[in-house]
> 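I have a structure I would like to understand better, so I am pasting it below and will then ask my questions one at a time.
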Amino acid sequence: MKTQEQEPQNPSSSPKKTIPSYMKAVSGSLGGIVEACCLQPIDVIKTRLQLDRTGTYRGIVHCGTTVSSTEGVRALWKGLTPFATHLTLKYTLRMGSNAVFQLAFKDSQTGKISNHGRLLSGFGAGVLEALTIVTPFEVVKIRLQQQKGLSTELLKYKGPVHCARTIIREEGLCGLWAGAAPTVMRNGTNQAAMFTAKNSFDVFLWKKQEGDGKTLQPWQSMISGFFAGTVGPFCTGPFDVVKTRLMAQNRQGGELKYKGMIHAIRTIYAEEGLLALWKGLLPRLMRIPPGQAIMWAVADQVTGLYERRYLRNAPL
């Protein structure tokens, strides 16, 4: 009888189960699709503002109205195909690799991970996504977005595939990795801050711990995701501006204006002033935090469903 009474205690003493990496990857991919469709116009406006050296656009609203009135409303969704594909792949890799990295940093006895481990896991995921997915996709996206007009016959790049092929033909394969250094710095820093902040806000605001079987409401996930997404743009503004300028350069013939990340920062600072390194900050704040809110609202519902159904300590 004593043995039978003690048996139910054994499951609770075993290590807490966690959400597998593949479920994190799936949740991220679904969140990325929804985010891309909702927020593409903000990304187009951000890119146009960052590339504007002559003061053509007088702000976010003026830029948006100018683009839609002169090029048509559809122009605000320029580059959607590579943007949506890139976001889906990026979030799949980001969420999955971050989960794998966190497993390496978790304490083998308690199953917990420190904030230091979260930062390193997020940075590693950001670097990985920057090199394998983000840089080539953003090069294509930015080249498409900087083109003015909707008449395909008058545009140099006819579409995402044609753009990529043209870049490779004219500039070599490395042309798709223009701006890789600032992209690595931007994404690594962003993800280190974002994953750590998201977990902290979940715990602080909603008392939510991974594996506890509790599913956040979509609005709760959106609040946590929104706050977590506000930190990165302030810290990584210069990297984002430099990344955009480097990616927009055409390497076919002539000298390049920007030789690299450091040279670009110095040149922009000398020619346009310090604040130019944060050009497009407001549209980034209009896009990234809402984007994280949308993505996490979807991702948390997917992982929450898994927790309720498959984790041992989920409520019945």
> Which pair of non-hydrogen atoms, one from V100 and one from S21, has the smallest distance, and what is that distance?
CG2-OG, 3.5 Å
> To the closest 0.5 Å, what do you measure between OH (Y57) and OG1 (T65)?
10.0 Å
> Verify, without hydrogens or angle tests, whether K279 (side chain) and D52 (backbone) share a donor-acceptor contact under 3.5 angstrom.
yes
> Look up atom CG in L93 and atom OG in S29, then write down how far apart they are to the nearest 0.5 Å.
11.5 Å
> So if I apply the salt bridge (charged side-chain N to carboxylate O under 4.0 Å, His left out) rule between E271 and each of R245, K257, R266, which one comes out positive?
K257
> Are V161 and W77 connected in a single hydrophobic cluster, I mean Ile/Leu/Val/Met/Phe/Trp/Tyr linked by side-chain heavy atoms less than 4.5 Å apart?
no
> Would a distance-only check, ignoring hydrogens and angles, find a side-chain to backbone donor-acceptor pair under 3.5 Å from T196 to A193?
no
> CZ of F226 to CD1 of I294: how many Å apart, nearest 0.5 Å?
11.0 Å
> Find out if a path of hydrophobic residues (ILVMFWY) with successive side-chain heavy-atom gaps under 4.5 Å connects V302 to Y22.
yes
> Verify, without hydrogens or angle tests, whether Q301 (side chain) and L216 (backbone) share a donor-acceptor contact under 3.5 angstrom.
yes
> Is there side-chain contact between M261 and F239, with at least one heavy-atom pair below 4.5 Å?
yes
> Where the side chain of Q147 meets the backbone of Y157, is there a donor-acceptor pair that is under 3.5 Å apart?
yes
> Output the distance between atom CZ (F137) and atom CG (L87), rounded to the nearest 0.5 Å.
10.5 Å
> Without swapping roles, check the side chain of E272 against the backbone of I268 for a donor-acceptor pair under 3.5 Å.
no
> Between I113 and S121, which heavy-atom pair has the shortest distance, and what is it?
CD1-OG, 4.2 Å
> For the pair R143 (side chain) and M247 (backbone), establish whether a donor and an acceptor sit closer than 3.5 Å, ignoring hydrogens and angles.
yes
> Looking at side-chain heavy atoms only, is the closest gap between Q292 and K198 below 4.5 Å?
no
> Please give me the minimum heavy-atom distance between P182 and V242, naming the atom from each residue.
CG-CG1, 4.0 Å
> Taking side chain to side chain contact (heavy atoms under 4.5 Å, CB included) as the criterion, tell me which of I45, L49, L51 meets it with T47.
L51
> When T183 is tested against each of V127, D240, V139, T135 for side chain to side chain contact (heavy atoms under 4.5 Å, CB included), which residue passes?
T135
> Applying side chain to side chain contact (heavy atoms under 4.5 Å, CB included) to Q145 and D43, what does each step give before you reach the verdict?
CA-CA 9 Å; Q145 287 178 346; D43 194 72; 3.3 Å; yes
> Hydrogens and angles aside, do W296 and S224 bring a side-chain donor and acceptor to less than 3.5 Å of each other?
no
> Is the shortest side-chain heavy-atom distance between Q50 and Q146 below 4.5 Å?
no
> Check the pair T166 / K156 against side chain to side chain contact (heavy atoms under 4.5 Å, CB included), numbers first and verdict last.
CA-CA 9 Å; T166 303; K156 177 176 181 179; 4.2 Å; yes
> So, for A99 and K24, which heavy atoms are closest and what is the spacing to 0.1 Å?
CB-CG, 3.9 Å
> What closest approach, in Å, do C235 and P238 show between heavy atoms, and which atom pair accounts for it?
O-CD, 4.4 Å
> Which atom pair, heavy atoms only, marks the closest approach of R48 to C63?
CB-SG, 3.8 Å
> With under 30° as parallel and over 60° as perpendicular, where do the rings of F201 and F227 fit, or are they tilted in between?
tilted
> Measuring from atom CG of L144 to atom OG1 of T81, what distance do you get when rounded to the nearest 0.5 angstrom?
9.0 Å
> Check step by step if side chain to side chain contact (heavy atoms under 4.5 Å, CB included) holds for F195 and R94.
CA-CA 10 Å; F195 279 109; R94 175 189 299 177; 3.6 Å; yes
> Exactly one of D202, V203, D300 should register a side chain to side chain contact (heavy atoms under 4.5 Å, CB included) with K208. Which one does?
D202
> Decide whether I19 and V298 are clustered together by the hydrophobic rule: side chain heavy atoms of Ile, Leu, Val, Met, Phe, Trp, Tyr closer than 4.5 Å, transitively.
yes
> Hey, any chance W177 and V184 share a hydrophobic cluster, counting ILVMFWY side chains that come within less than 4.5 Å of each other, even indirectly?
no
> Keeping T189 on the side-chain end and R186 on the backbone end, is there a donor-acceptor pair under 3.5 Å?
no
> Please report the C-alpha distance between L285 and F234 in whole Å, then the side-chain angles of each, then the deciding distance to 0.1 Å, and finally whether the side chain to side chain contact (heavy atoms under 4.5 Å, CB included) criterion is met.
CA-CA 9 Å; L285 289 173; F234 286 101; 3.7 Å; yes
> Do V67 and L76 make a side-chain contact, defined as non-hydrogen atoms from C-beta onward lying under 4.5 Å apart?
yes
> May I ask you to check whether over 12 heavy atoms, not counting those of L274, lie within 6.0 Å of atom CG?
yes
> For residues L131 and I168: do they belong to one hydrophobic cluster (side chain heavy atoms under 4.5 Å, members Ile, Leu, Val, Met, Phe, Trp, Tyr)?
no
> If only atom types and distance count, is the side chain of R284 paired as donor or acceptor with the main-chain N or O of K46 below 3.5 Å?
no
> How long is the span from the CD1 atom in I288 to the CD1 atom in I42, to the nearest 0.5 Å?
11.5 Å
> Around K112, counting heavy atoms of other residues, nucleotides and ligands shown, do more than 12 lie under 6.0 Å from its NZ?
no
